[in-house]
There are 2 protein chains.
Amino acid sequence: MSRNANLTPLPGSCAACTVRPFALFRVIPQARVGEIARIRSGVRLVRAGDAIMDGVFTMYAGWAFTWTATNDGRRQVLDFHLPGDLVERTEDAAEVEALTDASFCILSKERLCAFMGHDPGLALSYVEGLTRDRARMRERLTSLGRRDAAGRVAHLLLELHGRLLRRGGGDPRGAAVPLKQAHLADALGLSVEHANRALAALRKDGVATLHKGRLEILNRKALEELAGWGGGTQGGMLAPTTLAG
Amino acid sequence: MSRNANLTPLPGSCAACTVRPFALFRVIPQARVGEIARIRSGVRLVRAGDAIMDGVFTMYAGWAFTWTATNDGRRQVLDFHLPGDLVERTEDAAEVEALTDASFCILSKERLCAFMGHDPGLALSYVEGLTRDRARMRERLTSLGRRDAAGRVAHLLLELHGRLLRRGGGDPRGAAVPLKQAHLADALGLSVEHANRALAALRKDGVATLHKGRLEILNRKALEELAGWGGGTQGGMLAPTTLAG
DNA sequence: CGTTCGGTTGATTAGAATCAACTAATGTGG
DNA sequence: CCACATTAGTTGATTCTAATCAACCGAACG
């Protein structure tokens, strides 16, 4: 297999961008898409496992994740980034890494700020994203604080499934989820072995499976039950729109 | 003691507001403070334990916290709100409750949005707050995922101490921290008994004490060691300023 | 002056980490 | 194309951390 087999190039123009309807710039009407060209400062294709050093970018294809190392050398995965997500790599402790081969569109922080300064709609879109991020972190906090291993796994699978569905990926019965068990474990505060056992239990009970990069939901009711799924939509205070979550 | 003994009234004008330097409106120069009067839609004084139903408000005095109930009736505390913090009570599952007697300034969501639409600086200030919230949630996620009980307690105490210091409360050796052990436990995903034992260990080892609403830091080095304290400042991508965190 | 709430302590149990193999894929170079 | 190496997933045994259960104490309060 060629070294670049899975690298998905980006379209040259934002007008043709397939993830824009789910991304920061969704609020820019098609007629004005030309104006955002100056904000883009480049594109990048990276391989699974590569560290991403760019400051602000929009995922185009593939998955990435943000993580941080603890003092004793273990890893906490803080969030997963899907196509359309705006990602900021800040200077602090957190690292960003490509989970699969991935491509993304790098933005100029400066010009983005400037543009938001005279386009409140774009600023609101940015705020929406942050609000949703916070809501997701809160959900995860509840998982790590009060759910057992099976519940945590179930909840994360439902979260990812929902996010994928909202951007047109997968279907009600499953979706492409390229996570390794180690990612699950590190996101959920579990050991790999225990994450494995939780997953095995879901499989044995005919609730869901995660195999070869594919999530299959066999019994949604049971999965939601395990997860203590609130079903909650997470709309931001300043977010009347109902786009990608 | 009178029923209203601890209720701190707000000043009539934003110009005299003692928490504004740490709050959303810090970016409005003193000369233009008059303009934000229209955004305020009222003030409220509440007693410890009261549920807060207002949508968007700035804490003026006292503490509050946001929490959510799990299916099995337990509680997860998602965040603590200190004077100067902007708090949004969204429709979803999360509740906001006064932790002490508290007073705050209610904002009109609509007029706030409108104002931010023509004042990018205010929008940025709002974004800064959200970014910091997210960073704090990520820190906490790391605690719940990868730190043991003592580490979680130590980390939260340091976080709160830092936030208080930055808004002029307390001193390097301690601060007023009105948390009950149950709040600690519910924020950190521990049972009350276990939170108690962790606190007892800190006390026994001369690291820190939390007693009668007061945090005393006896050995900061040791506390940071336990917490795996990264020390990291958490500046937002769009946040060049270095105000309250 | 009894009640309640917050805090403390001990005994027991349960859930998850750790340690230790081992198997199944995936991938690579000869 | 095969042999070997590496990564991902699986399983069992053991240890440990934290939850649960059960009292009990002390201070604040009404």
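Just so we're on the same page: letters track the sequence lines, and every chain starts at 1.
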- Message: Below 30° counts as parallel, above 60° as perpendicular, anything between as tilted: where do the rings of A:F104 and A:F57 land?
- Response: tilted
- Task: If the plane angle is over 60° it's perpendicular, under 30° parallel, otherwise tilted; pick one for A:H183 and A:F80.
- Result: perpendicular
- Message: I'd like to know if the side chain of B:H211 pairs up with that of B:E216 as donor and acceptor (distance under 3.5 Å, no hydrogens or angles considered).
- Response: no
Are [X] and [Y] ion-paired here, with the side-chain N under 4.0 Å from a carboxylate O?
| X | Y | result |
| --- | --- | --- |
| A:R74 | A:D186 | no |
| A:E225 | A:K221 | no |
| A:R138 | B:D133 | no |
| B:D79 | B:R140 | yes |

- Message: Both A:D148 and B:L210 contact DNA chain C. Taking the nearest nucleotide for each, which residue is further toward the 5' end?
- Response: B:L210
- Query: Reading nucleotides 21-27 of chain D 5' to 3', which nucleotides get B (base under 4.0 Å from a protein heavy atom), which S (sugar-phosphate only), which -?
  - Reply: B-----S
- Task: Please tell me which of B:R152 and A:V192 maps to the more 5' nucleotide of DNA chain D, matching each residue to the nucleotide holding its nearest heavy atom.
- Result: A:V192
Over how many whole Å does the gap from [X] atom [atom1] to [N] atom [atom2] extend?
| X | N | atom1 | atom2 | value |
| --- | --- | --- | --- | --- |
| B:D72 | C:dG15 | CG | P | 13 Å |
| A:H183 | D:dT7 | NE2 | C1' | 12 Å |
| A:D186 | C:dA17 | CG | C1' | 13 Å |

- For D:dG9, does OP1 or OP2 lie under 4.0 Å from any side-chain N or O of A:N196? no
- Query: So does A:Q181 get a side-chain nitrogen or oxygen closer than 4.0 Å to the phosphate oxygens (OP1/OP2) of D:dT10?
  - Reply: yes
Please classify the nucleic acid contact of [X] as base, sugar-phosphate, or nothing, using heavy-atom distances under 4.0 Å.
| X | value |
| --- | --- |
| A:G189 | sugar-phosphate |
| A:R203 | sugar-phosphate |
| B:R146 | nothing |
| B:L199 | nothing |

